[in-house]
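Order of appearance sets the numbers: ligands from 1, and atoms from 1 within every ligand. Predicted, not measured: the structure shown is a model, and the values here were computed from it.
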Amino acid sequence: MTDTHCPYCSLQCGMTLSRKGPRLEVSERTFPVNEGALCRKGWTAAGLRGSRERLTTPMVRDRATGEWSAATWDEALDLVAGKLADLRSTHGADANAVFGGGGLTNEKAYQLGKFARVALGTSQIDYNGRWCMSSAATAGNQAFGVDRGLPFPLADIEQTDVCVLVGSNLAETMPPAARHLDRLRENGGKVVVIDPRLTPTGERADLFLQPVPGTDLPLALGVLHLLDAAGAVDEDYVAERTTGFEDVRRSVAAWWPEMVERVSGVEAAQLRELASLLAGAGKVMVLTARGAEQHAQGTATVLAWINIALALGMPGRPYSGYGCLTGQGNGQGGREHGQKADQLPGYRMIDDPAAREHVAAVWGVAPESIPGKGRSAYELLDALGTPDGPKSLLVFGSNIVVSAPNATHIASRLAALDLLVVADMVMSETAALADVVLPVTQWAEETGTMTNLEGRVILRNQAITPPENVRSDLDVIAGLAARLEILQGLSVGYSPVDRPKLPGLPGPTWSTDPAEVFDELRAASKGGKADYSGITYDRIREEDGVFWPCPEGSEGTPRLFAEEFFHPDGRARFVDVAHRGPAEVTTDDYPLHLTTGRVLAQYQSGAQTRRIKELPDEGAFVEMHPLLAGRVGAHDGDPVVVRTPRGEMKAPARIVATIRPDTIFVPFHWVGANKLTNDALDPSSRMPEFKVCAAAVSA
Ligand SMILES: Nc1nc2c(c(=O)[nH]1)N[C@H]1C(S)=C(S)[C@@H](COP(=O)(O)OP(=O)(O)OC[C@H]3O[C@@H](n4cnc5c(=O)[nH]c(N)nc54)[C@H](O)[C@@H]3O)O[C@H]1N2
Ligand SMILES: Nc1nc2c(c(=O)[nH]1)N[C@H]1C(S)=C(S)[C@@H](COP(=O)(O)OP(=O)(O)OC[C@H]3O[C@@H](n4cnc5c(=O)[nH]c(N)nc54)[C@H](O)[C@@H]3O)O[C@H]1N2
Ligand code: SF4
Ligand SMILES: [Mo]
């Protein structure tokens, strides 16, 4: 019996794994985040373990014939490292690129960032978190000076007075968390849900608002307008703990409820109801998720909702404030330790000289050898195989061709590469396009830490030995780094090929032991915003996880902002934001809003969950309102075609009265949805607009 955590979402529910012969069995375990409960995906997570779908040998594909052949690890790693070194010597270090994932452990994310900067010497590394919560991260940094998704434990929800969920379908995307909403209501609190679809989460709401996709920003401006008019602004808090309110106050003055109604489709009366709920509450929590964030105005939208929380004086007060419900298993830790294009471990910035110096010392390299900022995820993929772009891509933990926006275009960029390498447990749709596929261990077969949506660092313990010939990501990284050092003539791993090694630098090490890598990560994060230096595996085991920041000697920090925010002056910032609307507007040819998202039983690109027999694999569908179905002549269950300016897909209609008549919804767990989505990016977070574009549907 091994105590561990679920392989999937950011809740990181505690579970126990036990061996039943060759099989692995999941059973419940008391852990504060899930209190023993798991969703269907968690209960069935061991299903991939014995599955014939598991990759068990490195595979190399012949480009001419398209045929796969099995290779030994030495053959595969020699081939990859040789090609990487060639590309670097011909085109420069930025010819090689790396793509990581928010599902990787902290140890892997850390080592991947270091591998890119030190072993490859490339600036070209980013990860799928750009597609997840990056707009909330950017907004949090701007407003509070730090980005920790939830600045309080999740269970604090139960003690607030009003909880506003903007674009979250938590009842289906983190089901054990829905109990907090239920208990909040039992305690007499109110739940507000804002979503173009009445979801199982919306069904739990005391007040449900159903806006046009992409209009959460004007909604927020309208709410703040009403709060200010009602005298509900906490002037003392605003004066003592924030800056920038006057500009915001001026700009929301124009957002009368009737104007908001015209833009968002939400009735002025409902807006007034929300404002009076908020004005009368002592404690308010505003939580955003992908519905509000995955927009070309995602950062501005989150900032507008943060402005409401600040104006009410909530952040830093008990059971109050703003939070982002991060999505991936390690969505939080994955954005802290350097797999992001502009970042070094400990949430340090790569263009900060002090940060470079600190991290270089831990890595054993010269600060000037660390490259600068690279391209963001979508821009990186978009540049692949172009004259100035990378010629190779190493993918760890993402199924790009299913989950990237404008996916047909991205598939063509992958095809233009000289080398595509995918490390995965299964032959995902992206792995199937690779030149080399490397079979890696999955969660139960390795140890590592994850940081859940609360900023709680938890430990996944290895429960079972991996299949023969399968290696961990840390092994793959170490194997490639060792080969690159030899090929590049770098006995001490000093990265720029053309510079002599500096005396006195020990050079990097590439441990394959997660505990050793974690110790190095602790040192690298020390003094950074996300300081893990006081966290140890033993402490995590004893304390049910430890919240960062946790410098040495600290107990950890479950709740942030009680005294001050993370900006140098200790104050939070109001940021004045304006509404521009979605990047793509509806036209006569494309009269509908298309939005995309999730269903309970599937996870992300479906690479893992579509291979688990116990989970229903129903395929994509097109959710539409009966009025729309009547207009286009669609019948429930019959195929319809959805078109956008980028492509089309065919899937059965699912006719429900719970969606706006002007909006259709397609889940993205199956190939198709992302042939339709728009690759317009948020100007600061570089988040693509997954949640709205213009579409047409026909029967
Ligand atoms: N079952 C399941 N659970 C998951 C995942 C999964 O794939 N499957 N993935 C995990 C990950 S990585 C993430 S990021 C989270 C995501 O968790 P959520 O954000 O809860 O999930 P989504 O379904 O993407 O979007 C939430 C809701 O946003 C609504 N929405 C669409 N457009 C808009 C809009 O313009 N405004 C507003 N207000 N709402 C809008 C959708 O109708 C949807 O109900 O889930 C995590 N949990
Ligand atoms: N249209 C639309 N598109 C979306 C979204 C949306 O709402 N709408 N949401 C976006 C969001 S929020 C997210 S997070 C992304 C997620 O989309 P992806 O980045 O594709 O995420 P996954 O499907 O989880 O892919 C993870 C892959 O890595 C493998 N894997 C899992 N663990 C490991 C590991 O430890 N090591 C290695 N090497 N491989 C591993 C899995 O088998 C799988 O193939 O999708 C985004 N795309
Ligand atoms: S809610 Fe998330 S972490 Fe919990 S069992 Fe389901 S997928 Fe796993
Ligand atoms: Mo996500």
Side-chain angles (χ1 to χ4, degrees), residues 5-15 26 31 33-34 37-45 48 53-55 99-105 108-109 112 127-134 170 172-178 289-291 293-294 325-331 334 377 394-407 422-431 438-443 445-446 448 450 452-453 472-473 476 594-598 600 602-611 666-669 672-678 687-691 693:
H5 296 266
C6 175
Y8 303 122
C9 87
S10 61
L11 227 48
Q12 284 301 289
C13 295
M15 56 166 63
V26 173
F31 188 73
V33 181
N34 58 309
L38 298 171
C39 78
R40 285 174 87 173
K41 300 184 296 302
W43 285 118
T44 56
L48 200 56
E53 304 264 6
R54 272 302 285 285
L55 293 170
F99 201 90
L104 301 178
T105 61
K108 295 177 183 188
L112 198 62
Y127 80 123
N128 70 4
R130 290 275 186 187
W131 300 339
C132 192
M133 54 345 95
S134 61
L170 153 162
E172 290 190 281
T173 53
M174 21 199 90
R290 304 308 84 76
E293 299 162 13
Q294 290 175 322
L325 297 161
T326 296
Q328 296 186 86
N330 199 23
L394 309 182
V395 182
F396 290 81
S398 181
N399 187 5
I400 293 169
V401 290
V402 179
S403 52
N406 199 7
V422 175
D424 208 309
M425 290 97 67
V426 294
M427 192 57 103
S428 71
E429 285 76 4
T430 307
L438 303 171
V440 293
T441 46
Q442 63 165 339
W443 103 112
E445 300 157 358
E446 56 185 26
M450 311 281 283
N452 85 345
L453 78 172
S472 79
D473 292 294
V476 172
L594 166 69
T595 192
T596 60
R598 291 159 168 83
L600 197 160
Q602 292 293 329
Y603 190 66
Q604 314 277 62
S605 72
Q608 292 156 278
T609 45
R610 282 187 276 119
R611 289 179 166 83
V666 181
F668 84 101
H669 311 293
N674 277 321
K675 294 183 175 166
L676 307 171
T677 47
N678 191 358
M687 164 71 85
E689 192 144 68
F690 287 119
K691 285 291 191 268
C693 68

Exercise. Determine, using heavy atoms of Val402 and all atoms of ligand 2, whether some pair is separated by less than 4.0 Å.
Key: no
Exercise. Please work out which of the three classes, parallel, tilted or perpendicular, describes the rings of Phe690 and Trp131, given edges at 30° and 60°.
Key: perpendicular
Quiz prompt | Residue, atom name and distance, where the atom is the protein heavy atom closest to atom 36 (N) of ligand 2 | solution = Asp473 OD2, 2.8 Å
Self-check item: Minimal non-hydrogen separation, Lys108 against Asp473, with atom names
Solution: NZ-OD2, 2.7 Å
Quiz item: Do Val402 and Asn674 have side-chain heavy atoms sitting under 4.5 Å apart?
Solution: no
Quiz prompt | Geometric N/O contact Asp424 with ligand 2, under 3.5 angstrom | solution = yes
Quiz item: Would you find a donor on one side and an acceptor on the other, under 3.5 Å apart, between the side chain of Lys41 and the backbone of Leu600?
Solution: yes
Self-check item: Test applied, side chain to side chain donor-acceptor pair (under 3.5 Å); reference residue, Ser605; option that passes from Asn399, Thr430, Asn128
Solution: Asn399
Quiz item: Which of the atoms of ligand 2 are close to Cys132, meaning less than 4.0 Å from one of its heavy atoms?
Solution: 12 (S), 14 (S)
Exercise. To the nearest 0.5 Å, tell me how far Glu53 CD sits from Met425 CE.
Key: 12.0 Å
Practice problem: Identify the two heavy atoms, one from Met174 and one from Ser10, that lie closest to each other, and give their separation to 0.1 Å. | Solution: CE-OG, 3.5 Å
Practice problem: Heavy-atom contacts with Leu104 under 4.0 Å: which atoms of ligand 2 show up? List them by number with element. | Solution: 34 (C), 35 (O), 36 (N)
Quiz prompt | Under-4.0 Å heavy-atom contact with ligand 2, by part of Met133 that carries it | solution = neither
Quiz item: How close does the nearest protein non-hydrogen atom get to atom 10 (C) of ligand 2, and which residue and atom is it?
Solution: Trp131 O, 3.3 Å
Quiz item: Of all the non-hydrogen atoms in the protein, which one sits nearest to atom 23 (O) of ligand 2, and at what distance?
Solution: Ser605 OG, 2.5 Å
Quiz item: Tell me: protein heavy atom nearest atom 1 (N) of ligand 2, and distance?
Solution: Asn674 OD1, 2.8 Å
Quiz item: Can you tell me the protein heavy atom closest to atom 8 (N) of ligand 2 and the distance?
Solution: Thr596 OG1, 2.9 Å
Exercise. Would you mind telling me if ligand 3 is within reach of the side chain of Met15, the backbone, both or neither, using heavy atoms under 4.0 Å?
Key: neither
Practice problem: Using a strict cut-off of 4.0 Å, indicate which atoms of ligand 2 neighbour a heavy atom of Thr677. | Solution: 1 (N)
Quiz item: Is the backbone N or O of His5 less than 3.5 Å from a side-chain atom of Trp443, with the two atoms forming a donor-acceptor pair by type?
Solution: yes
Practice problem: May I ask you to check whether Lys691 has an N/O atom sitting below 3.5 Å from an N/O atom of ligand 2? | Solution: yes
Self-check item: Where ligand 2 meets Ser428 - atom numbers and elements under 4.0 angstrom, heavy-atom basis
Solution: 44 (O)
Quiz item: Which residue supplies the protein heavy atom nearest to atom 2 (C) of ligand 2, what is that atom called, and how far is it?
Solution: Phe690 CD2, 3.3 Å
Practice problem: Quick one: look at Ala673 and ligand 2, take heavy-atom pairs under 4.0 Å, and tell me if it's side chain, backbone, both or neither. | Solution: neither
Quiz item: Who's the nearest protein heavy-atom neighbour of atom 8 (Fe) of ligand 3, and how far?
Solution: Cys6 SG, 2.3 Å
Exercise. Run the numbers for me: atoms of ligand 3, each under 4.0 Å from some heavy atom of Gly42, listed by number.
Key: 5 (S)
Exercise. For residues Tyr127 and Leu104, determine if any side-chain heavy atom of one lies less than 4.5 Å from a side-chain heavy atom of the other.
Key: no
Quiz item: Which atoms from ligand 2 have a heavy atom of Ala423 less than 4.0 Å away?
Solution: 37 (C), 38 (N), 39 (N)
Quiz prompt | Residue and atom name of the nearest protein heavy atom (relative to atom 20 (O) of ligand 2), distance in Å to one decimal | solution = Ser403 OG, 2.6 Å
Practice problem: Measure the CD-NZ distance between Glu293 and Lys691 for me, rounded to the nearest 0.5 Å. | Solution: 9.5 Å
Self-check item: Aromatic ring pairing Tyr603/Tyr8, orientation class (parallel under 30°, perpendicular over 60°, tilted between)
Solution: tilted
Self-check item: Under 3.5 Å: N/O of Arg598 near N/O of ligand 2
Solution: yes
Quiz item: Do any nitrogen or oxygen atoms of Asn128 come within less than 3.5 Å of a nitrogen or oxygen of ligand 2?
Solution: yes
Quiz item: Backbone N or O of Arg610 within a donor-acceptor pair of the Gln602 side chain at under 3.5 Å?
Solution: yes
Quiz item: What are the atoms of ligand 2, with element, lying closer than 4.0 Å to any heavy atom of Met425?
Solution: 30 (N), 31 (C), 32 (N), 33 (C), 40 (C), 42 (O)
Practice problem: Check each of Gly397, Gly327, Pro7, Ala289 against atom 28 (O) of ligand 2 and report the one with the nearest heavy atom. | Solution: Gly397
Quiz item: What's the shortest distance from atom 5 (S) of ligand 3 to any protein heavy atom, and which residue and atom give it?
Solution: Cys39 N, 3.4 Å
Quiz item: Any donor and acceptor pair, going by atom type alone, linking the side chain of Arg290 with main-chain N or O of Leu325 inside 3.5 Å?
Solution: yes
Quiz item: Tyr8 heavy atoms, cut-off 4.0 Å: which ligand 3 atoms fall inside?
Solution: 7 (S)
Quiz item: Counting both backbone and side chain atoms, is some N or O of Lys108 under 3.5 Å from an N or O of ligand 2?
Solution: yes
Practice problem: Measure Asn399 to ligand 2 on non-hydrogen atoms and call it side chain, backbone, both or neither using the 4.0 Å cut-off. | Solution: both
Quiz item: Checking only N/O/S atoms, does Cys13 have one that is under 2.8 Å from atom 6 (Fe) of ligand 3?
Solution: no
Self-check item: Nearest neighbour in protein (non-hydrogen) for atom 16 (C) of ligand 2
Solution: Gln604 NE2, 3.4 Å
Quiz item: Between Glu446 and Thr441, do the side chains contain an N or O donor and an N or O acceptor separated by less than 3.5 Å?
Solution: yes
Quiz item: Considering only protein heavy atoms, which is closest to atom 2 (Fe) of ligand 3, and at what distance to one decimal place?
Solution: Cys9 SG, 2.3 Å
Quiz item: Any N or O of Phe396 that comes nearer than 3.5 Å to an N or O of ligand 2?
Solution: no
Quiz item: Which ligand 2 atoms does Ser398 reach within 4.0 Å, using its non-hydrogen atoms?
Solution: 18 (P), 19 (O), 20 (O), 25 (O), 26 (C), 27 (C), 28 (O)
Quiz item: Considering only heavy atoms, does Pro176 approach ligand 3 within less than 4.0 Å through its side chain, its backbone, both, or neither?
Solution: side chain
Practice problem: Within a distance under 4.0 Å of any heavy atom of Val440, pick out the atoms of ligand 2 and give their elements. | Solution: 37 (C), 38 (N)
